[in-house]
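Step one of this worksheet: look at the structure below.
Side-chain atoms are counted along with the backbone in the values below, which use heavy atoms only and exclude waters and symmetry mates.
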Amino acid sequence: MASKSTTAALLAGLGTTAIILYHRWMHVKCPNAPTSTDPTKQGFSSKAVSGQWDVIVIGSGVGGLTTAALLAKEGKKVLVLEQHDVAGGNLHTFTENGYEFDTGLHYIGGQVGNTKSPMRRQLDYVTDGQVDWAKMNDVYDVAIVKNERFDFHASWTVMKNDLKQKFPDEGDAIDKFFRLTMRITKLFPVLFILKRLPGPFFRFGIKFFGLSLFRQTTKQVLDSITKNEKLAGVLSYVYGDYGEPPSRGAFAMHSLIYTHYKGGAYYPVGGPLHIAASYVRVIEKWGGKVLVRAPVSSILMDERSRAVGVEVKGKQIYAKTVVSSVGAPATFTKLVPNSHQHLVSPMIEAMKNDKIASNVTLMSMFVGIKDPDASLDLPRQNYWIYESWDHDSNVDKFKQDNTKPAAYFISFSSAKDPSYSSRNPGKQVALVIGPGSFDDVAVYEGKRVKHRGDEYNALKKKWGKVFMNVLLKEFPELEDRIDYIEFGTALSNDFYLGTFRGAVYGLAHTPERFMQQWLQPKTPIANLYLTGQDVCSCGVGGALIGGYLCAYELSTRCFLRTASMLG
């Protein structure tokens, strides 16, 4: 027995030694080898960032990862720095008490189900086709006011027929709405081309190409085609996907959302974090790195006022190009040194405008649900719940009383992801989202996460009760199965998602926003570029396009290689 135990110990020792030597060899011979088995959790260290970098990307949201992956494939040595402890931005997921929750990607448009569509080709290129997509129900969204429900179908033909049956006198208005929606969506590429022209030519081009619809709100367009207030409310139900009610929101953005979900909606198999992990593998494969727990405190500038790197935890890291994926407000007001903010002062002033600055933040309730016998048949569709079809009135009431959110969004990622149960057996999850206000929690901003005090916890409990009542009214069968609850506010968004004042959608999606010519990848500061939501529009699709547009500014070869994917 003694000799057997000695032999076992010797073999264990040799095995351990072999593993240590292997890892040491990997990091000598393969300096870009992962430092963690999870590619989204490679930790920052001074040693990890040593050497020369072509591009530093601040933030690891979809825009940042897209730009990084594209440039890495063009031979650029790319470093992505993420302040949180997991990469992915709104793609990241978290697990508590055995329940896995998504945070920002809850569904994506129908194009992704077609492997030959522009969006699918764009995503497959930057993730090496590692992500599969599960189709949700054909009725992917249900809009509810009291006992009245409207279904939104993957087929526009079915959707329009349903609307015409419920509004028999509004057939022409319904047809015109969808025609205008398609028309303005097709004009978006023209807008981005015009933004590259000098100011006078940009303004002339807006008139010449008939882009006046970009100057109109959703309410203005709907008022011009129908007097039926309920129909207008039904057609504008999806404003929550970009955060601006009809009187503020750009009809252009509203149109993008509608056309994005033409063909239905999909959810990533393996959850949103699988997308982030796929991005990271591609970046590492081409010699780059994605490091977390790497909060950038400042962009480094040289004597000629050019961006030449960043500072992280007191360490200066240099690169030929700096790309920011954390949004224009945080980039220009927090990361550009005070000594150089005069270079972007027109942008900083513009973002003070109420029509440009985002006034939208969201609160989220994460609910863990026991389902040991897999008996729950939760829906593969989303629910939008309103007090009335007058969305602007709902928003005004919320501003007066923050216990009456203007809209609620209910979603079950465990039902949408066919692989969820294999990762989390016996468990389901629900997500309830509603609007919030940064000002309601601003006083607690300086306090440490999870230690913001009894008053803050009492606020979360108050809002949580409101959200829970909405969930249980729609799904009363869940009441006895609820096992875990977590509630997030605007401060949670800032801490975990790196947002600015909790604004998950970036700058306001108003007509004024789309007329801001400076909202493009190239900034007035040499070698400093923007990517992500503020370059194009919000959501995975908008951030993805923003990532491509930024890469094109930096690499003509990248444009020539991939531009056909933009359709």
Atom pair CZ/NZ of R121 and K116 - distance to nearest 0.5 Å: 10.0 Å
Charged N-O contact under 4.0 Å between R513 and E244: no
Return yes if some donor-acceptor pair links the side-chain N/O of S60 with the main-chain N/O of G88 below 3.5 Å, else return no. yes
Test ring-ring contact (aromatic ring centres under 6.0 Å, His included), reference H254, set F514, Y261, Y242, Y239, output is Y242
Is it true that T40 and Y279 share a donor-acceptor pair across their side chains at a distance under 3.5 Å? no
I'd like to know if the side chain of Y267 pairs up with that of D102 as donor and acceptor (distance under 3.5 Å, no hydrogens or angles considered). yes
Donor-acceptor check, side chain of H340 to backbone of N338, threshold 3.5 angstrom: yes or no? no
Do T67 and T531 have a side chain donor and acceptor closer than 3.5 Å? yes
Step-by-step ring pair (Phe, Tyr, Trp, His ring centres under 6.0 Å) determination, F94 to F366: CA-CA 10 Å; F94 70 95; F366 305 93; 5.0 Å; yes
Under 3.5 Å, side chain of E100 to main-chain N/O of E96, donor-acceptor pair present? no
Would you check if there is a donor-acceptor pair between the side chains of T115 and D124 at a distance under 3.5 Å? no
Is a donor on one side and an acceptor on the other found under 3.5 Å between the side chain of S278 and the backbone of T127? no
Quick one: do R248 and D354 make a salt bridge, cutoff under 4.0 Å? yes
If you draw the axis of the six-membered ring of F251, does the NZ or CZ of K219 fall within 45° of it and under 6.0 Å from the ring centre? no
For the pair T217 (side chain) and A250 (backbone), establish whether a donor and an acceptor sit closer than 3.5 Å, ignoring hydrogens and angles. no
Taking the side chain as every heavy atom from C-beta outward, state whether N90 and V62 have any atom pair closer than 4.5 Å. no
Atom pair CD/OG1 of E553 and T523 - distance to nearest 0.5 Å: 10.5 Å
Looking only at atom types and distance, does a side-chain atom of Q517 sit under 3.5 Å from a main-chain N or O of K195, one as donor and one as acceptor? yes
Quick one: does Q216's side chain get under 4.5 Å of P511's, heavy atoms only? no
Between N527 and T321, do the side chains contain a donor N or O and an acceptor N or O under 3.5 Å apart? no
Closest non-hydrogen contact found for S492 with G488 is OG-CA, 3.3 Å
Stepwise side-chain contact (heavy atoms from CB on, under 4.5 Å) test for L194 and I206: CA-CA 8 Å; L194 291 176; I206 295 294; 4.2 Å; yes
Side chain to side chain contact (heavy atoms under 4.5 Å, CB included), paired with F332, selected from L343, L530, I525, I299: L530
Once rounded to the nearest 0.5 Å, what's the spacing between atom OG1 of T562 and atom OH of Y552? 2.5 Å
Expected output: side-chain Q42 to main-chain A87 donor-acceptor under 3.5 Å: no
Could you check S413 against L431 for side-chain contact (heavy atoms from CB on, under 4.5 Å), going step by step and ending with a plain yes or no? CA-CA 8 Å; S413 58; L431 175 69; over 6 Å; no
Is the shortest heavy-atom distance from the side chain of F192 to the side chain of C536 under 4.5 Å? yes
In this structure, CE of M253 is separated from SG of C538 (nearest 0.5 Å) by 4.0 Å
Answer yes or no: is there an ion pair linking E349 with K352, defined by an N-O contact shorter than 4.0 Å? yes
Taking N402 for the side chain and S437 for the main chain, is one N or O donor matched with an acceptor at less than 3.5 Å? no
Side-chain heavy atoms of Q316 within contact of Y318, under 4.5 Å: yes
Pairwise side-chain contact, R183 with L213, heavy-atom cut-off 4.5 Å (strictly under): yes
Lys/Arg-Asp/Glu bridge criterion (N-O < 4.0 Å) met for E74, R557: yes
Is any side-chain heavy atom of Y125 less than 4.5 Å from a side-chain heavy atom of M565? yes
Assess, by modelled atom type and distance only, whether the side chains of Y107 and D241 contain a donor and an acceptor separated by less than 3.5 Å. yes
With a 3.5 Å distance limit and no angle check, can you tell me whether K320 reaches the backbone of V55 through a side-chain donor-acceptor pair? no
Answer yes or no: is there a donor N or O on one side and an acceptor on the other, between the side chain of Q516 and the main chain of W518, under 3.5 Å? no
Regarding E445 and R501, does a basic nitrogen lie under 4.0 Å from an acidic carboxylate oxygen? no
If you measure from NZ on K41 to CZ on R293, what distance do you get to the nearest 0.5 Å? 9.0 Å
Closest heavy-atom contact between L362 and N493? O-ND2, 3.1 Å
Test item: side-chain donor near acceptor, T331 and S324, under 3.5 Å: yes
Check this for me, if you would: do D128 and K285 make a salt bridge, where the nitrogen-to-carboxylate-oxygen distance has to be below 4.0 angstrom? yes
Separation between CD1 of I545 and SG of C550, rounded to the nearest 0.5 Å: 13.0 Å
